[in-house]
Amino acid sequence: QVQLVESGGGLVQAGDSLRLSCAASGDTFSRYEMGWFRQAPGKERDFVAAVSWTGSSTYYTDSVKGRFSISRDNAKNTVYLQMNSLKPEDTAVYYCAAKRKRGVVAPPYEYDSWGQGTQVTVSS
């Protein structure tokens, strides 16, 4: 299975931008469809965005549409989450995940590998 390491989190103010990165190793990155999830304190882990193995298809949860953008660079074995117009409610630990099964619309249990997470804190 692929191993995943997230980076790019931090403390920002409302309205700022951040770009998260997730570097993959250990297997052929382009075999995997990739997703970003987030978990706020005391809440369940929620889906944020997903991208197909070619990068041609993407899917977002409604609350981030128009503000977040997921992309991947298969040559660099990396998936990105560009987050613009950040809001305090975006505060969470963000996780990237990988799955072999095709389909960008998928529940968390279909993902095979998870990163350790990166903290994003948005102050008002």
Side-chain angles (χ1 to χ4, degrees):
Q1 289 186 345
V2 67
Q3 288 80 50
L4 305 171
V5 178
E6 302 97 334
S7 62
L11 172 63
V12 297
Q13 294 186 334
D16 286 350
S17 298
L18 275 177
R19 187 175 80 156
L20 305 183
S21 299
C22 174
S25 62
D27 199 354
T28 304
F29 180 64
S30 59
R31 292 179 179 176
Y32 292 83
E33 302 206 329
M34 301 299 295
W36 284 96
F37 293 77
R38 64 187 179 186
Q39 187 167 18
K43 296 187 177 181
E44 295 184 350
R45 189 171 298 187
D46 293 328
F47 169 80
V48 176
V51 61
S52 63
W53 62 285
T54 62
S56 61
S57 296
T58 58
Y59 183 68
Y60 300 91
T61 191
D62 287 346
S63 62
V64 307
K65 286 180 180 177
R67 299 188 299 123
F68 291 12
S69 177
I70 187 171
S71 62
R72 67 189 297 161
D73 186 337
N74 287 346
K76 294 183 178 180
N77 293 344
T78 302
V79 62
Y80 305 97
L81 184 68
Q82 177 67 44
M83 305 185 294
N84 300 326
S85 302
L86 281 161
K87 304 175 180 180
E89 50 264 44
D90 295 318
T91 295
V93 177
Y94 282 71
Y95 299 89
C96 73
K99 64 181 181 72
R100 293 288 300 272
K101 187 175 181 179
R102 295 292 181 250
V104 291
V105 182
Y109 63 77
E110 289 192 1
Y111 284 81
D112 306 305
S113 301
W114 293 81
Q116 82 290 348
T118 185
Q119 176 71 47
V120 172
T121 304
V122 184
S123 64
S124 58

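We use all heavy atoms of the structure for the numbers below, so side chains are in, but hydrogens, waters and symmetry mates are not.
Here the CH2 atom belonging to W53 is positioned 9.5 Å from the CZ atom belonging to R72, to the nearest 0.5 angstrom. Distance CD/E89 to OG/S124: 10.0 Å, rounded to 0.5 Å. Remark: K87 NZ to S63 OG distance equals 8.0 Å, nearest 0.5 Å. Between F37 atom CZ and T61 atom OG1 the span is 10.5 Å, to the nearest 0.5 Å. Rounding to the nearest 0.5 angstrom, the gap separating the OG1 atom in T118 from the CZ atom in R38 is 14.0 Å. For the atom pair CE of M83 and CG of D16, the computed distance is 11.0 Å after rounding to the nearest 0.5 Å.
The side-chain heavy atoms of L18 and F68, taken from C-beta on, include no pair separated by under 4.5 Å. Side-chain contact check for F47 versus P107: every heavy-atom pair is 4.5 Å or farther apart. The closest side-chain heavy-atom distance from E33 to K101 is not below 4.5 Å. The shortest side-chain heavy-atom distance between Q119 and T91 falls under the 4.5 Å cut-off.
When every heavy atom of V104 is checked against every heavy atom of S57, the shortest pair comes out as CG1-O, 3.8 Å. When all heavy atoms of F29 and N77 are compared, the pair lying nearest together is CB-OD1, 3.3 Å. Here the shortest heavy-atom pairing between E110 and K99 reads O-CB, 3.3 Å. A pairwise comparison of heavy atoms in G26 and Q3 identifies CA-OE1, 3.5 Å as the closest pair.
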L20 and E6: CA distance, side-chain angles, deciding distance, side chain to side chain contact (heavy atoms under 4.5 Å, CB included) verdict: CA-CA 7 Å; L20 305 183; E6 302 97 334; over 6 Å; no
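Electrostatic pairing of K65 and D62 counts as a salt bridge here, judged by a charged N lying under 4.0 Å from a carboxylate O.
Among the candidates L4, V79, D27, the single residue satisfying the side-chain contact (heavy atoms from CB on, under 4.5 Å) test with Y32 is D27.
By the 6.0 Å and 45° rule, R19 stacks over the aromatic ring of Y80.
Ring planes of Y95 and W114: perpendicular class, angle over 60° (limits at 30 and 60°).
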